[in-house]
Structures are given as structure tokens and as C-alpha cells.
Amino acid sequence: MNSTPQSPGDEPRDGVTVIKRMGAWVVTMYWTEGTSGSVGPREIYVVPADDADPQEVARGISSTVLRRINTTPSEDFAAMRSLAEAADLEIRELGERLASLSGGLTDQRLAVLSALYVHFVDAGERAPAQRLAAGFDLNPATVKGHLRAARQRGFLTKVEGKAGGQLTGKAVQTLQGMKRGAGTEEV
């Protein structure tokens, strides 16, 4: 497969572009639409800054410069990739539903939280619970506690020692009931 890299231009692109200045260099990183905030960029461009020291540019891009490129998105990235921009309409609807639900541990809340968690895991998030917390302005410890409750109550399967799990039949049934307009059941 032969692919020709496309340098960043003035034309708008679907996705997120982050530009950082690093000494004599300008680093442009691009994440495609639908990419999660903890997955590395799809493209990275390193070019001399317009006002760069010619001697630094003449030395070229060293391994030190490359090691200093932080590909972990900043909080700005998370803000740009808010849940409202999610490509998957169903996930966006789930996010809106979670935001509208009361804070109690209802079946609906646990099912929605589990579905969003599984979505972020499948999208490659390294810390899906923190992503949920940031996306909904919740305490990370609260989100982790709710996910633990979701596992204990049979909405989310268990995975030992790492992020992950799948929705159970109970979670799917609860989500389908919500689509039909079923009420909230306190647990």
C-alpha cells in the first residue's frame, strides 16, 4: 500500500488539530474525527518556525526534539472533543440521557453509564472512567464507584486488572426499555 502524506493546509478537516511550539520547531498533530482523547494522533508534522534560529534549524530534527513531543492530548483536547461532538448519534443520545438522569443508582443510570464506558473502552481510551468523569463534570471516584456497582448489579461484565468489560443482557434490556420510554426503577 502506497500512501502519500498530506501536509496540514488551510482547508478544514474533520477531526482535531493541535499545534504546539517547541523551541525552533512547530509541531502539528492531527486526530481523526471520532478519535478518543487518549489515543495518539494519526499524523504529526514538525516544521521550522518562521522565526526559528537558523543554526538550530540547520542541525535538523534531533531525537531529543522528537522525544519532547507530548502526544498525550491536553485538557484543551478534551474540551474540543466534547460529547456533543461525538460521531455516534446513539452515544451522544446516551450522554444526553445520562446528564438528564438523577444522581441515584437507578437501573437506567447504571445501564447508560455502562454503555458509555464500553464505548470509550472500545474507542481505545486508556482511562475510560476518567473520560466519563471529565465529560460529565463528575468526581472520578464517584464514576468508579458507579461502575463497580454496575458490575455488581449485573450491567457490566468484569475484567480483571484492566479497563474493560461488555454490556450484559440486563443492561441491553434496560437501554431498550428506555428507548420505549420506560420509567426509572430505583435500586
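No more than 12 heavy atoms of other residues, nucleotides or ligands sit less than 6.0 Å from atom CZ of R148.
Taking the side chain as every heavy atom from C-beta outward, T174 and L110 never approach each other to under 4.5 Å. At least one side-chain heavy atom of R153 sits less than 4.5 Å from a side-chain heavy atom of L105.
The minimum heavy-atom distance linking A111 with A171 is given by the pair CB-O, 4.0 Å. Minimum heavy-atom separation, L175 to A115: CD1-CB, 3.9 Å. Between E56 and A24, the shortest heavy-atom distance links the atoms OE1-CB, 3.5 Å. Counting all heavy atoms, side chain and backbone alike, K158 lies closest to R151 at CA-NH1, 3.6 Å. Here the shortest heavy-atom pairing between A129 and V143 reads O-CG1, 3.6 Å. Residues V118 and G165 share a closest heavy-atom pair of CG2-O, 3.6 Å.
Judged purely by atom type and a 3.5 angstrom limit, Y117 has no side-chain atom pairing as donor or acceptor with the backbone of V112. Using modelled atom types, one side-chain atom of T157 and one backbone atom of Q166 make a donor-acceptor pair closer than 3.5 Å.
Cluster annotation: V159 is not connected to L156 through the hydrophobic network of ILVMFWY side chains, with a link wherever side-chain heavy atoms come within less than 4.5 Å.
The CG atom of L132 sits 12.0 Å away from the OG1 atom of T142 when rounded to the nearest 0.5 Å. Taken from NZ in K144 to CG in N139, the straight-line distance is 10.0 Å, to the nearest 0.5 Å.
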